[in-house]
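Written out below as C-alpha coordinates is the structure these notes cover.
Convention: sequence-line order gives letters A, B, ...; per-chain numbering from 1.
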Protein chains: 2
Amino acid sequence: MPRSQPRPEELPGALPPVPSEHPSPSARSTKESLLDAAERLFAARGFEGTSLRAVTQAAGQSVSAAHYHFGGKRGLLRATLERRLRPVVEGRLRMLDALEARGTAPRVEEVLEAFLRPTFGGGAEAAGARARFVAARLFSDPPELVGPLIRELFGEVHRRFLDALEAALPPGTARREIELGFRMVVGATVQLLGAQPPREGTEPWPAVPEELVPRLVRFTAAGLRALAAAEQAR
Amino acid sequence: MPRSQPRPEELPGALPPVPSEHPSPSARSTKESLLDAAERLFAARGFEGTSLRAVTQAAGQSVSAAHYHFGGKRGLLRATLERRLRPVVEGRLRMLDALEARGTAPRVEEVLEAFLRPTFGGGAEAAGARARFVAARLFSDPPELVGPLIRELFGEVHRRFLDALEAALPPGTARREIELGFRMVVGATVQLLGAQPPREGTEPWPAVPEELVPRLVRFTAAGLRALAAAEQAR
DNA sequence: GTCTATATGTTGATAGAC
DNA sequence: GTCTATCAACATATAGAC
(Lines give C-alpha, C1' and ligand atoms only; values in the text may rest on other atoms or scores of the structure.)
Protein backbone atom coordinates (compact mmCIF):
# COMPACT_ATOMS: atom_id res chain seq x y z
CA MET A 1 0.00 0.00 0.00
CA PRO A 2 1.63 3.29 -1.05
CA ARG A 3 2.30 5.70 1.68
CA SER A 4 0.66 9.02 1.56
CA GLN A 5 2.69 11.66 -0.20
CA PRO A 6 2.79 15.16 1.14
CA ARG A 7 2.36 16.76 -2.26
CA PRO A 8 2.13 20.54 -2.36
CA GLU A 9 -1.36 20.16 -3.75
CA GLU A 10 -2.39 18.62 -0.49
CA LEU A 11 -1.09 21.36 1.69
CA PRO A 12 -3.60 22.31 4.28
CA GLY A 13 -5.38 25.43 3.24
CA ALA A 14 -4.46 25.07 -0.39
CA LEU A 15 -7.78 23.59 -1.32
CA PRO A 16 -10.23 23.59 1.50
CA PRO A 17 -12.88 22.37 -0.79
CA VAL A 18 -16.14 22.87 1.05
CA PRO A 19 -16.08 25.41 3.82
CA SER A 20 -19.83 25.69 4.06
CA GLU A 21 -21.50 24.62 0.87
CA HIS A 22 -21.44 24.09 -2.84
CA PRO A 23 -20.35 20.46 -2.58
CA SER A 24 -20.56 19.88 -6.29
CA PRO A 25 -22.18 21.54 -9.24
CA SER A 26 -24.80 18.88 -9.51
CA ALA A 27 -25.60 18.93 -5.83
CA ARG A 28 -25.91 22.67 -5.96
CA SER A 29 -28.40 22.54 -8.74
CA THR A 30 -30.25 19.82 -6.88
CA LYS A 31 -30.55 22.00 -3.82
CA GLU A 32 -31.56 24.98 -5.85
CA SER A 33 -34.19 23.16 -7.83
CA LEU A 34 -35.66 21.86 -4.60
CA LEU A 35 -35.71 25.35 -3.12
CA ASP A 36 -37.41 26.76 -6.18
CA ALA A 37 -40.10 24.13 -6.22
CA ALA A 38 -40.63 24.37 -2.48
CA GLU A 39 -40.96 28.14 -2.66
CA ARG A 40 -43.61 27.90 -5.32
CA LEU A 41 -45.63 25.17 -3.69
CA PHE A 42 -45.37 26.37 -0.10
CA ALA A 43 -46.50 29.79 -1.29
CA ALA A 44 -49.43 28.40 -3.20
CA ARG A 45 -50.72 25.73 -0.85
CA GLY A 46 -49.08 26.38 2.46
CA PHE A 47 -46.62 24.28 4.37
CA GLU A 48 -48.99 21.71 5.74
CA GLY A 49 -50.94 21.68 2.53
CA THR A 50 -47.88 20.70 0.54
CA SER A 51 -46.46 17.21 0.64
CA LEU A 52 -42.76 16.68 0.44
CA ARG A 53 -43.50 14.37 -2.44
CA ALA A 54 -45.13 17.16 -4.39
CA VAL A 55 -42.07 19.32 -3.91
CA THR A 56 -39.52 16.75 -4.93
CA GLN A 57 -41.64 15.64 -7.84
CA ALA A 58 -41.97 19.19 -9.14
CA ALA A 59 -38.24 19.61 -8.76
CA GLY A 60 -37.51 16.40 -10.60
CA GLN A 61 -35.75 15.04 -7.55
CA SER A 62 -36.28 12.19 -5.16
CA VAL A 63 -37.78 12.36 -1.73
CA SER A 64 -34.58 11.30 -0.09
CA ALA A 65 -32.61 13.99 -1.86
CA ALA A 66 -34.63 16.49 0.10
CA HIS A 67 -33.85 14.64 3.29
CA TYR A 68 -30.18 14.50 2.45
CA HIS A 69 -29.83 18.21 1.73
CA PHE A 70 -32.28 19.78 4.13
CA GLY A 71 -32.95 17.14 6.72
CA GLY A 72 -36.64 16.91 5.96
CA LYS A 73 -39.66 19.01 5.19
CA ARG A 74 -39.19 21.54 7.96
CA GLY A 75 -35.59 22.14 7.06
CA LEU A 76 -36.67 22.75 3.52
CA LEU A 77 -39.13 25.40 4.62
CA ARG A 78 -36.52 27.04 6.77
CA ALA A 79 -33.99 27.15 3.96
CA THR A 80 -36.60 28.45 1.58
CA LEU A 81 -37.58 31.27 3.90
CA GLU A 82 -34.02 32.12 4.73
CA ARG A 83 -32.98 32.42 1.11
CA ARG A 84 -35.47 35.23 0.50
CA LEU A 85 -35.50 36.96 3.86
CA ARG A 86 -31.77 37.34 4.33
CA PRO A 87 -31.27 39.81 1.46
CA VAL A 88 -34.18 41.92 2.67
CA VAL A 89 -32.70 42.15 6.13
CA GLU A 90 -29.26 42.99 4.81
CA GLY A 91 -30.64 45.65 2.52
CA ARG A 92 -32.51 47.27 5.36
CA LEU A 93 -29.49 47.36 7.61
CA ARG A 94 -27.24 48.67 4.86
CA MET A 95 -29.59 51.52 4.04
CA LEU A 96 -30.05 52.40 7.68
CA ASP A 97 -26.28 52.34 8.21
CA ALA A 98 -25.79 54.74 5.33
CA LEU A 99 -28.45 56.99 6.73
CA GLU A 100 -26.91 57.11 10.17
CA ALA A 101 -23.38 57.49 8.87
CA ARG A 102 -24.50 60.72 7.26
CA GLY A 103 -24.08 63.88 9.26
CA THR A 104 -27.61 65.11 9.67
CA ALA A 105 -30.34 63.28 11.55
CA PRO A 106 -32.56 61.14 9.31
CA ARG A 107 -36.15 62.17 8.73
CA VAL A 108 -39.05 59.82 9.31
CA GLU A 109 -39.53 59.37 5.58
CA GLU A 110 -35.91 58.38 5.12
CA VAL A 111 -36.03 55.78 7.86
CA LEU A 112 -39.19 54.33 6.42
CA GLU A 113 -37.74 54.21 2.94
CA ALA A 114 -34.71 52.34 4.25
CA PHE A 115 -37.10 49.84 5.76
CA LEU A 116 -39.44 49.50 2.83
CA ARG A 117 -37.26 49.72 -0.24
CA PRO A 118 -35.45 46.38 0.22
CA THR A 119 -38.78 44.70 0.90
CA PHE A 120 -39.79 45.29 -2.69
CA GLY A 121 -36.27 44.79 -4.00
CA GLY A 122 -34.96 42.38 -6.57
CA GLY A 123 -36.57 43.92 -9.62
CA ALA A 124 -40.17 44.32 -10.59
CA GLU A 125 -40.69 40.83 -11.91
CA ALA A 126 -38.91 38.66 -9.38
CA ALA A 127 -40.20 40.83 -6.56
CA GLY A 128 -43.71 39.60 -7.10
CA ALA A 129 -43.10 35.95 -6.55
CA ARG A 130 -40.63 36.40 -3.73
CA ALA A 131 -42.62 38.94 -1.85
CA ARG A 132 -45.84 37.03 -2.19
CA PHE A 133 -44.20 33.92 -0.93
CA VAL A 134 -42.45 35.42 2.03
CA ALA A 135 -45.36 37.48 3.20
CA ALA A 136 -47.74 34.59 2.84
CA ARG A 137 -45.52 32.36 4.90
CA LEU A 138 -45.03 34.93 7.63
CA PHE A 139 -48.73 34.90 8.29
CA SER A 140 -49.36 31.25 7.91
CA ASP A 141 -48.74 28.00 9.65
CA PRO A 142 -46.75 26.70 11.64
CA PRO A 143 -45.88 29.45 14.11
CA GLU A 144 -43.67 27.24 16.23
CA LEU A 145 -41.42 26.72 13.24
CA VAL A 146 -41.51 30.11 11.58
CA GLY A 147 -41.66 32.16 14.76
CA PRO A 148 -38.09 31.55 15.92
CA LEU A 149 -36.72 32.17 12.45
CA ILE A 150 -38.59 35.45 12.19
CA ARG A 151 -37.22 36.51 15.53
CA GLU A 152 -33.72 35.45 14.58
CA LEU A 153 -33.80 37.23 11.26
CA PHE A 154 -35.77 40.33 12.11
CA GLY A 155 -35.11 40.86 15.80
CA GLU A 156 -32.14 43.19 15.49
CA VAL A 157 -33.52 45.00 12.46
CA HIS A 158 -36.77 45.88 14.12
CA ARG A 159 -35.04 47.12 17.24
CA ARG A 160 -32.75 49.35 15.23
CA PHE A 161 -35.57 50.77 13.18
CA LEU A 162 -37.59 51.46 16.28
CA ASP A 163 -34.63 53.40 17.65
CA ALA A 164 -34.26 55.32 14.40
CA LEU A 165 -37.94 56.18 14.35
CA GLU A 166 -37.81 57.30 17.94
CA ALA A 167 -34.97 59.65 17.04
CA ALA A 168 -36.77 60.98 14.00
CA LEU A 169 -40.11 61.60 15.68
CA PRO A 170 -40.74 64.51 18.04
CA PRO A 171 -38.88 63.98 21.32
CA GLY A 172 -40.97 62.62 24.13
CA THR A 173 -43.03 60.27 22.01
CA ALA A 174 -43.65 57.15 24.04
CA ARG A 175 -41.79 54.05 22.93
CA ARG A 176 -44.93 52.01 23.13
CA GLU A 177 -46.69 54.35 20.77
CA ILE A 178 -43.86 53.99 18.28
CA GLU A 179 -43.95 50.24 18.54
CA LEU A 180 -47.64 50.21 17.78
CA GLY A 181 -47.12 52.53 14.84
CA PHE A 182 -44.34 50.34 13.56
CA ARG A 183 -46.62 47.35 13.60
CA MET A 184 -49.07 49.25 11.50
CA VAL A 185 -46.26 50.06 9.09
CA VAL A 186 -45.46 46.38 8.81
CA GLY A 187 -49.12 45.53 8.34
CA ALA A 188 -49.63 48.01 5.54
CA THR A 189 -46.48 46.76 3.87
CA VAL A 190 -47.44 43.12 4.01
CA GLN A 191 -50.85 43.91 2.64
CA LEU A 192 -49.39 45.69 -0.37
CA LEU A 193 -47.03 42.81 -0.97
CA GLY A 194 -50.10 40.99 -2.12
CA ALA A 195 -49.87 38.09 0.26
CA GLN A 196 -53.53 37.72 0.92
CA PRO A 197 -56.09 36.10 -1.32
CA PRO A 198 -58.06 38.57 -3.43
CA ARG A 199 -60.40 40.36 -1.11
CA GLU A 200 -62.24 42.98 -3.07
CA GLY A 201 -63.95 43.32 -6.38
CA THR A 202 -61.22 45.64 -7.52
CA GLU A 203 -58.42 44.54 -9.76
CA PRO A 204 -55.20 43.57 -8.03
CA TRP A 205 -52.47 46.13 -7.71
CA PRO A 206 -49.34 45.51 -9.66
CA ALA A 207 -46.45 45.06 -7.27
CA VAL A 208 -44.27 47.66 -8.94
CA PRO A 209 -41.83 48.95 -6.36
CA GLU A 210 -41.54 52.35 -8.01
CA GLU A 211 -45.23 52.86 -7.53
CA LEU A 212 -45.75 51.29 -4.14
CA VAL A 213 -42.80 52.35 -2.04
CA PRO A 214 -43.38 56.12 -2.25
CA ARG A 215 -47.02 55.70 -1.38
CA LEU A 216 -46.22 53.44 1.53
CA VAL A 217 -43.68 55.94 2.81
CA ARG A 218 -46.15 58.78 2.46
CA PHE A 219 -48.97 56.93 4.17
CA THR A 220 -47.01 55.53 7.08
CA ALA A 221 -44.95 58.64 7.74
CA ALA A 222 -48.13 60.67 8.08
CA GLY A 223 -49.61 57.97 10.29
CA LEU A 224 -46.63 57.89 12.62
CA ARG A 225 -46.54 61.68 12.88
CA ALA A 226 -50.23 61.72 13.70
CA LEU A 227 -49.69 59.21 16.49
CA ALA A 228 -46.87 61.26 17.94
CA ALA A 229 -48.80 64.51 17.66
CA ALA A 230 -51.90 63.11 19.32
CA GLU A 231 -49.87 61.78 22.17
CA GLN A 232 -48.13 65.08 22.80
CA ALA A 233 -51.45 66.89 22.74
CA ARG A 234 -52.64 64.96 25.76
CA MET B 1 -82.00 21.92 32.92
CA PRO B 2 -83.35 24.96 31.14
CA ARG B 3 -84.98 24.21 27.87
CA SER B 4 -85.16 26.56 24.95
CA GLN B 5 -88.30 28.62 24.43
CA PRO B 6 -91.14 26.29 23.49
CA ARG B 7 -93.26 29.29 22.57
CA PRO B 8 -93.96 29.18 18.86
CA GLU B 9 -95.20 32.74 18.87
CA GLU B 10 -93.04 34.76 16.55
CA LEU B 11 -93.11 38.45 17.12
CA PRO B 12 -91.53 40.04 14.06
CA GLY B 13 -88.57 42.14 15.05
CA ALA B 14 -88.87 41.35 18.72
CA LEU B 15 -85.92 39.04 19.10
CA PRO B 16 -85.55 36.29 16.51
CA PRO B 17 -83.58 33.77 18.50
CA VAL B 18 -82.45 31.27 15.92
CA PRO B 19 -82.78 32.58 12.40
CA SER B 20 -82.61 29.65 10.05
CA GLU B 21 -82.08 26.37 11.78
CA HIS B 22 -82.32 24.59 15.08
CA PRO B 23 -82.97 20.92 14.41
CA SER B 24 -82.81 19.97 18.05
CA PRO B 25 -81.18 21.28 21.21
CA SER B 26 -78.64 18.51 21.29
CA ALA B 27 -77.80 18.88 17.63
CA ARG B 28 -77.30 22.56 18.14
CA SER B 29 -74.88 22.03 20.96
CA THR B 30 -73.13 19.42 18.87
CA LYS B 31 -72.72 21.86 16.03
CA GLU B 32 -71.61 24.58 18.36
CA SER B 33 -69.05 22.48 20.15
CA LEU B 34 -67.62 21.45 16.81
CA LEU B 35 -67.44 25.05 15.68
CA ASP B 36 -65.71 26.08 18.87
CA ALA B 37 -63.11 23.37 18.65
CA ALA B 38 -62.57 23.97 14.95
CA GLU B 39 -62.10 27.66 15.52
CA ARG B 40 -59.48 27.07 18.14
CA LEU B 41 -57.55 24.44 16.23
CA PHE B 42 -57.75 26.01 12.79
CA ALA B 43 -56.49 29.25 14.27
CA ALA B 44 -53.61 27.56 16.03
CA ARG B 45 -52.41 25.11 13.44
CA GLY B 46 -54.05 26.13 10.20
CA PHE B 47 -56.59 24.32 8.11
CA GLU B 48 -54.31 21.80 6.46
CA GLY B 49 -52.36 21.41 9.66
CA THR B 50 -55.45 20.36 11.57
CA SER B 51 -56.98 16.96 11.13
CA LEU B 52 -60.70 16.53 11.28
CA ARG B 53 -60.09 13.92 13.93
CA ALA B 54 -58.34 16.44 16.12
CA VAL B 55 -61.31 18.77 15.88
CA THR B 56 -63.95 16.20 16.65
CA GLN B 57 -61.88 14.74 19.44
CA ALA B 58 -61.44 18.14 21.07
CA ALA B 59 -65.15 18.73 20.73
CA GLY B 60 -66.00 15.39 22.27
CA GLN B 61 -67.81 14.41 19.10
CA SER B 62 -67.39 11.79 16.46
CA VAL B 63 -65.86 12.22 13.06
CA SER B 64 -69.07 11.44 11.31
CA ALA B 65 -70.97 14.02 13.32
CA ALA B 66 -68.84 16.63 11.59
CA HIS B 67 -69.68 15.12 8.25
CA TYR B 68 -73.35 15.03 9.07
CA HIS B 69 -73.58 18.66 10.15
CA PHE B 70 -71.08 20.37 7.91
CA GLY B 71 -70.51 17.99 5.05
CA GLY B 72 -66.84 17.54 5.78
CA LYS B 73 -63.76 19.44 6.76
CA ARG B 74 -64.10 22.25 4.25
CA GLY B 75 -67.68 22.89 5.22
CA LEU B 76 -66.58 23.09 8.82
CA LEU B 77 -64.01 25.75 8.00
CA ARG B 78 -66.54 27.70 6.02
CA ALA B 79 -69.07 27.62 8.83
CA THR B 80 -66.42 28.57 11.33
CA LEU B 81 -65.32 31.58 9.32
CA GLU B 82 -68.84 32.66 8.60
CA ARG B 83 -69.88 32.61 12.22
CA ARG B 84 -67.29 35.24 13.13
CA LEU B 85 -67.20 37.32 9.99
CA ARG B 86 -70.90 37.89 9.56
CA PRO B 87 -71.33 40.05 12.69
CA VAL B 88 -68.32 42.15 11.73
CA VAL B 89 -69.77 42.83 8.32
CA GLU B 90 -73.17 43.64 9.73
CA GLY B 91 -71.69 45.97 12.31
CA ARG B 92 -69.75 47.83 9.68
CA LEU B 93 -72.75 48.30 7.45
CA ARG B 94 -74.94 49.36 10.33
CA MET B 95 -72.48 52.02 11.47
CA LEU B 96 -71.99 53.29 7.94
CA ASP B 97 -75.74 53.44 7.42
CA ALA B 98 -76.16 55.50 10.55
CA LEU B 99 -73.40 57.79 9.41
CA GLU B 100 -74.92 58.38 6.02
CA ALA B 101 -78.45 58.72 7.36
CA ARG B 102 -77.17 61.70 9.31
CA GLY B 103 -77.49 65.07 7.66
CA THR B 104 -73.89 66.21 7.41
CA ALA B 105 -71.24 64.50 5.33
CA PRO B 106 -69.11 62.03 7.31
CA ARG B 107 -65.49 62.84 8.01
CA VAL B 108 -62.69 60.45 7.16
CA GLU B 109 -62.22 59.58 10.81
CA GLU B 110 -65.87 58.69 11.18
CA VAL B 111 -65.87 56.41 8.15
CA LEU B 112 -62.77 54.67 9.41
CA GLU B 113 -64.24 54.22 12.85
CA ALA B 114 -67.34 52.63 11.35
CA PHE B 115 -65.06 50.23 9.56
CA LEU B 116 -62.73 49.46 12.44
CA ARG B 117 -64.91 49.42 15.51
CA PRO B 118 -66.86 46.23 14.67
CA THR B 119 -63.61 44.50 13.83
CA PHE B 120 -62.59 44.63 17.45
CA GLY B 121 -66.11 44.16 18.71
CA GLY B 122 -67.57 41.56 21.01
CA GLY B 123 -65.92 42.69 24.21
CA ALA B 124 -62.32 42.87 25.23
CA GLU B 125 -61.91 39.24 26.14
CA ALA B 126 -63.74 37.44 23.37
CA ALA B 127 -62.35 39.83 20.80
CA GLY B 128 -58.89 38.40 21.23
CA ALA B 129 -59.65 34.86 20.24
CA ARG B 130 -62.09 35.71 17.50
CA ALA B 131 -59.99 38.35 15.89
CA ARG B 132 -56.88 36.27 16.02
CA PHE B 133 -58.64 33.40 14.41
CA VAL B 134 -60.31 35.33 11.64
CA ALA B 135 -57.30 37.36 10.70
CA ALA B 136 -55.06 34.33 10.74
CA ARG B 137 -57.37 32.44 8.42
CA LEU B 138 -57.73 35.34 6.01
CA PHE B 139 -54.04 35.22 5.36
CA SER B 140 -53.59 31.54 5.32
CA ASP B 141 -54.36 28.51 3.27
CA PRO B 142 -56.38 27.49 1.14
CA PRO B 143 -57.09 30.51 -1.06
CA GLU B 144 -59.40 28.63 -3.38
CA LEU B 145 -61.66 27.88 -0.44
CA VAL B 146 -61.44 31.07 1.57
CA GLY B 147 -61.20 33.45 -1.40
CA PRO B 148 -64.79 33.13 -2.59
CA LEU B 149 -66.13 33.41 0.93
CA ILE B 150 -64.15 36.58 1.53
CA ARG B 151 -65.47 38.06 -1.66
CA GLU B 152 -68.99 37.06 -0.81
CA LEU B 153 -68.86 38.46 2.69
CA PHE B 154 -66.73 41.55 2.17
CA GLY B 155 -67.39 42.52 -1.43
CA GLU B 156 -70.24 44.92 -0.85
CA VAL B 157 -68.81 46.33 2.36
CA HIS B 158 -65.53 47.26 0.80
CA ARG B 159 -67.17 48.91 -2.15
CA ARG B 160 -69.38 50.97 0.11
CA PHE B 161 -66.51 52.05 2.31
CA LEU B 162 -64.44 52.99 -0.71
CA ASP B 163 -67.32 55.20 -1.84
CA ALA B 164 -67.63 56.75 1.59
CA LEU B 165 -63.91 57.45 1.75
CA GLU B 166 -63.99 58.98 -1.69
CA ALA B 167 -66.74 61.33 -0.54
CA ALA B 168 -64.88 62.22 2.63
CA LEU B 169 -61.52 62.91 1.03
CA PRO B 170 -60.75 66.04 -0.99
CA PRO B 171 -62.64 65.95 -4.30
CA GLY B 172 -60.61 64.82 -7.25
CA THR B 173 -58.64 62.17 -5.41
CA ALA B 174 -58.15 59.26 -7.77
CA ARG B 175 -60.15 56.14 -7.01
CA ARG B 176 -57.10 54.00 -7.46
CA GLU B 177 -55.25 55.99 -4.86
CA ILE B 178 -58.09 55.48 -2.43
CA GLU B 179 -58.14 51.76 -3.10
CA LEU B 180 -54.49 51.50 -2.34
CA GLY B 181 -54.89 53.50 0.83
CA PHE B 182 -57.77 51.29 1.88
CA ARG B 183 -55.62 48.23 1.48
CA MET B 184 -53.09 49.78 3.80
CA VAL B 185 -55.87 50.42 6.29
CA VAL B 186 -56.82 46.77 6.14
CA GLY B 187 -53.21 45.71 6.51
CA ALA B 188 -52.59 47.86 9.56
CA THR B 189 -55.80 46.55 11.09
CA VAL B 190 -55.01 42.92 10.53
CA GLN B 191 -51.56 43.40 11.97
CA LEU B 192 -52.96 44.88 15.17
CA LEU B 193 -55.45 42.08 15.47
CA GLY B 194 -52.49 40.00 16.43
CA ALA B 195 -52.84 37.37 13.75
CA GLN B 196 -49.20 36.94 12.98
CA PRO B 197 -46.65 35.00 15.01
CA PRO B 198 -44.61 37.19 17.33
CA ARG B 199 -42.20 39.10 15.19
CA GLU B 200 -40.28 41.41 17.45
CA GLY B 201 -38.56 41.28 20.75
CA THR B 202 -41.20 43.54 22.20
CA GLU B 203 -44.03 42.28 24.29
CA PRO B 204 -47.30 41.66 22.51
CA TRP B 205 -49.92 44.36 22.52
CA PRO B 206 -53.07 43.65 24.39
CA ALA B 207 -55.98 43.60 21.97
CA VAL B 208 -58.02 46.09 23.91
CA PRO B 209 -60.40 47.76 21.50
CA GLU B 210 -60.54 50.97 23.52
CA GLU B 211 -56.83 51.38 23.09
CA LEU B 212 -56.36 50.18 19.55
CA VAL B 213 -59.27 51.60 17.59
CA PRO B 214 -58.53 55.29 18.22
CA ARG B 215 -54.90 54.81 17.29
CA LEU B 216 -55.78 52.93 14.15
CA VAL B 217 -58.21 55.66 13.16
CA ARG B 218 -55.63 58.35 13.84
CA PHE B 219 -52.88 56.59 11.94
CA THR B 220 -54.88 55.61 8.89
CA ALA B 221 -56.81 58.86 8.58
CA ALA B 222 -53.55 60.77 8.46
CA GLY B 223 -52.19 58.28 5.95
CA LEU B 224 -55.16 58.59 3.64
CA ARG B 225 -55.11 62.37 3.82
CA ALA B 226 -51.41 62.37 2.99
CA LEU B 227 -52.04 60.21 -0.06
CA ALA B 228 -54.77 62.52 -1.27
CA ALA B 229 -52.72 65.64 -0.63
CA ALA B 230 -49.67 64.32 -2.44
CA GLU B 231 -51.75 63.39 -5.42
CA GLN B 232 -53.35 66.79 -5.65
CA ALA B 233 -49.96 68.47 -5.44
CA ARG B 234 -48.86 66.81 -8.65
C1' DG C 1 -25.19 11.98 -3.76
C1' DT C 2 -28.91 9.80 -5.45
C1' DC C 3 -31.78 6.18 -5.93
C1' DT C 4 -35.62 2.28 -4.82
C1' DA C 5 -38.16 0.04 -1.45
C1' DT C 6 -40.41 0.05 2.61
C1' DA C 7 -41.76 1.03 7.53
C1' DT C 8 -45.18 3.25 10.13
C1' DG C 9 -48.54 6.28 10.95
C1' DT C 10 -52.38 9.44 9.64
C1' DT C 11 -55.64 11.38 6.76
C1' DG C 12 -60.67 12.45 4.99
C1' DA C 13 -64.55 10.01 3.94
C1' DT C 14 -68.18 6.48 4.18
C1' DA C 15 -71.25 2.30 5.34
C1' DG C 16 -74.41 0.62 8.27
C1' DA C 17 -76.15 -0.52 13.07
C1' DC C 18 -78.94 1.70 16.44
C1' DG D 1 -78.47 12.17 14.88
C1' DT D 2 -74.89 9.67 16.52
C1' DC D 3 -72.14 5.91 16.80
C1' DT D 4 -68.29 2.05 15.52
C1' DA D 5 -65.67 -0.02 12.09
C1' DT D 6 -63.25 0.29 8.08
C1' DC D 7 -61.61 2.09 3.64
C1' DA D 8 -58.13 3.51 0.22
C1' DA D 9 -54.91 7.01 -0.24
C1' DC D 10 -51.18 9.43 1.15
C1' DA D 11 -47.99 11.37 4.64
C1' DT D 12 -42.94 11.68 6.42
C1' DA D 13 -39.08 9.37 7.32
C1' DT D 14 -35.48 5.83 6.87
C1' DA D 15 -32.57 1.73 5.28
C1' DG D 16 -29.58 0.14 2.16
C1' DA D 17 -28.03 -0.68 -2.79
C1' DC D 18 -25.24 1.63 -6.18
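Between the CZ atom of A/F70 and the C1' atom of D/dA13 there is a distance of 17 Å, rounded to whole Å. Nucleotide D/dC10 holds its P atom 13 Å from the CZ atom of A/R45, rounded to whole Å. B/R53 has its CZ atom 13 Å from the C1' atom of D/dC3, to the nearest Å. When rounded to the nearest whole Å, the span between CG of A/L145 and C1' of D/dT12 equals 15 Å. Rounded to an integer number of Å, the gap from B/E48 CD to C/dT10 C1' is 14 Å. The distance from atom CG of A/L41 to atom P of D/dA11 is 12 Å, rounded to the nearest whole Å. Protein atom CD of A/Q57 is 12 Å distant from nucleotide atom P of C/dT4, rounded to whole Å.
Counting non-hydrogen atoms under 4.0 angstrom, A/T50 reaches the backbone sugars and phosphates but no base.
Remark: B/S51 is in phosphate contact with C/dT11, judged by side-chain N or O atoms under 4.0 Å from OP1 or OP2. Residue B/H67 places none of its side-chain N or O atoms closer than 4.0 Å to OP1 or OP2 of D/dG1. Under 4.0 angstrom from either OP1 or OP2 of D/dC3 there lies at least one side-chain N or O belonging to B/S62. Applying the 4.0 Å criterion to OP1 and OP2 of D/dT2, one finds that B/Y68 has every side-chain N and O outside that range.
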Inset, instruction - Show the numbers, then the answer: is there a side chain to side chain donor-acceptor pair (under 3.5 Å) between A/T119 and A/R92? - result: CA-CA 8 Å; A/T119 313; A/R92 286 177 177 172; 2.9 Å; yes
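Under a 3.5 Å cut-off, the side chain of A/K73 and the backbone N or O of A/H67 do not form any donor-acceptor pair.
Of the candidates D/dC3, C/dC3, D/dT12, the closest approach to any side-chain atom of A/A65 belongs to C/dC3. Taking every side-chain heavy atom of A/H69 into account, C/dG1 is the closest of D/dA13, C/dG1, D/dT2.
You'll find a donor-acceptor pair under 3.5 Å spanning the side chain of A/S64 and the base of C/dT4, going by distance alone.
With respect to B/R78 and B/E82, a salt bridge is recorded, a charged nitrogen being found less than 4.0 Å from a carboxylate O.
Residues B/L35 and B/L76 are in side-chain contact: their nearest non-hydrogen atoms beyond the backbone lie under 4.5 Å apart.
Residue-environment remark: CD (B/E152) exceeds the threshold of 12 foreign heavy atoms within 6.0 Å.
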